[in-house]
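Every value quoted in this text rests on a predicted model; they were computed, and no experiment measured them. For the single chain, residues carry numbers from 1 onward in sequence order. Keep in mind that the numbers below use all heavy atoms, side chains included, and drop hydrogens, waters and symmetry copies.
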Amino acid sequence: MSELSKKLIFSNTYHEIIIKELADIYSISAEEIFDGSRKKNKIFAKRLYIFILRNMFFLTLYEIAEITNLHHASVIHHNRKFEFFYGKYAEDTEVYKRIQNRILEVEIDESIRLLEEKRTKIKKELTKLYKIKNNKNERQERKNLLTKQY
């Protein structure tokens with residue numbers, strides 16, 4: 001279901017992005033997602049969160065249980081429920097894709113930042129090496145001039 005070429009590493013940054021999106025989509029506060037309520041929008045938010053952790057970050061049931069403070073059997077239940085709804089109901093599919101796209105945007109931005117950082121380091125190293133090479137060539141030319149004079 002994921003369109004990623006590499007495995008994402010779940011982090012607090014991703015947690016905050018997902019929770020913020022879920023709170024916005026389901027019109028609840030971030031704290032309400034795991035408050036144990038049986039309100040439909042809170043349960044859907046919790047299910048989607050679990051589904052994302054399982055399908056985008058490939059976390060184990062036990063890892064998800066630790067993060068969500070749920071029993072692993074509850075994690076299985078919520079994941080299966082959302083899996084059932086995903087693809088059958090356009091609204092659930094769209095909500096998942098919205099969060100997936102947001103995560104991909106962040107991942108792409110981070111990849112760009114890291115590549116630009118590497119590029120800057122490479123440019124500095126190249127500049128340093130070109131200076132060394134130029135200095136060596138200048139010394140060699142001076143040495144050749146001096147030997148021609150004598």
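Aromatic rings from Y14 and F10 are positioned such that their centres are separated by 6.0 Å or more.
Between E63 and T60 the shortest heavy-atom distance is OE1-N, 2.8 Å. Taking every heavy atom of both residues into account, H71 and A65 meet most closely at C-CB, 4.2 Å. Minimum interatomic distance between L22 and I28 (heavy atoms only, all atoms of both residues): O-CG1, 4.5 Å. In terms of heavy atoms, S29 sits closest to A23 at C-CB, 4.1 Å. In this structure, F34 and K46 approach most closely via the heavy-atom pair CE2-CG, 3.5 Å. Heavy-atom minimum distance, A30 versus I19: CB-CG2, 3.2 Å.
Going from atom CG of L53 over to atom NE2 of H78 covers 12.5 Å, rounded to the nearest 0.5 Å. Distance check, rounded to the nearest 0.5 Å: NZ of K97 to CD of Q100 gives 6.0 Å. To the nearest 0.5 Å, the span separating NZ on K143 from CZ on R139 amounts to 10.5 Å. Rounding to the nearest 0.5 Å gives a distance of 11.5 Å between CZ of F82 and CD1 of I50. Atom-to-atom distance recorded for K121:NZ and E116:CD is 13.5 Å, nearest 0.5 angstrom. Going from atom CG of L8 over to atom CD1 of I103 covers 7.0 Å, rounded to the nearest 0.5 Å.
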>> Apply salt bridge (charged side-chain N to carboxylate O under 4.0 Å, His left out) to residues R102 and E105 and explain how you reach the verdict.
In response: CA-CA 5 Å; R102 180 69 182 108; E105 286 173 14; 3.6 Å; yes
> R98 and D24: salt bridge (charged side-chain N to carboxylate O under 4.0 Å, His left out), yes or no, with the steps?
Replying inline: CA-CA 11 Å; R98 172 181 164 178; D24 183 49; 2.6 Å; yes
> Checking side chain to side chain donor-acceptor pair (under 3.5 Å) for the pair N137/E141: CA distance, chi angles, key distance, verdict?
Replying inline: CA-CA 6 Å; N137 289 342; E141 285 177 17; over 6 Å; no
> So Y86 and D92, side-chain contact (heavy atoms from CB on, under 4.5 Å) or not? Walk me through it.
Replying inline: CA-CA 6 Å; Y86 180 81; D92 293 323; 5.6 Å; no
>> As a quick check of understanding, evaluate side-chain contact (heavy atoms from CB on, under 4.5 Å) for Y26 and K40, giving each step before the final call.
In response: CA-CA 9 Å; Y26 291 107; K40 187 177 177 180; over 6 Å; no
>> If you apply the rule side-chain contact (heavy atoms from CB on, under 4.5 Å), what do you find for I122 with E125, and how did you get there?
In response: CA-CA 5 Å; I122 289 170; E125 189 65 26; 5.7 Å; no
> Taking it one step at a time, do N79 and N55 satisfy side-chain contact (heavy atoms from CB on, under 4.5 Å)?
Replying inline: CA-CA 9 Å; N79 188 58; N55 292 284; 3.7 Å; yes
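Remark: Y130 engages no residue in a ring-ring contact (aromatic ring centres under 6.0 Å, His included) (not counting sequence neighbours). For E110, the salt bridge (Lys or Arg N to Asp or Glu O under 4.0 Å) partners at least two apart in sequence or on another chain are R113.
The 12-atom threshold is exceeded at CG of N135, counting heavy atoms of other residues, nucleotides or ligands nearer than 6.0 Å.
A donor-acceptor pair shorter than 3.5 Å can be found between the side chains of N12 and E16.
The side-chain heavy atoms of Y49 and H15, taken from C-beta on, include a pair separated by under 4.5 Å. Using a 4.5 Å heavy-atom threshold, the side chains of I99 and F51 count as separate. L115 places none of its side-chain heavy atoms less than 4.5 Å from the side chain of R119.
With hydrogens and angles disregarded, a donor-acceptor distance shorter than 3.5 Å links the side chain of R54 to the backbone of L59.
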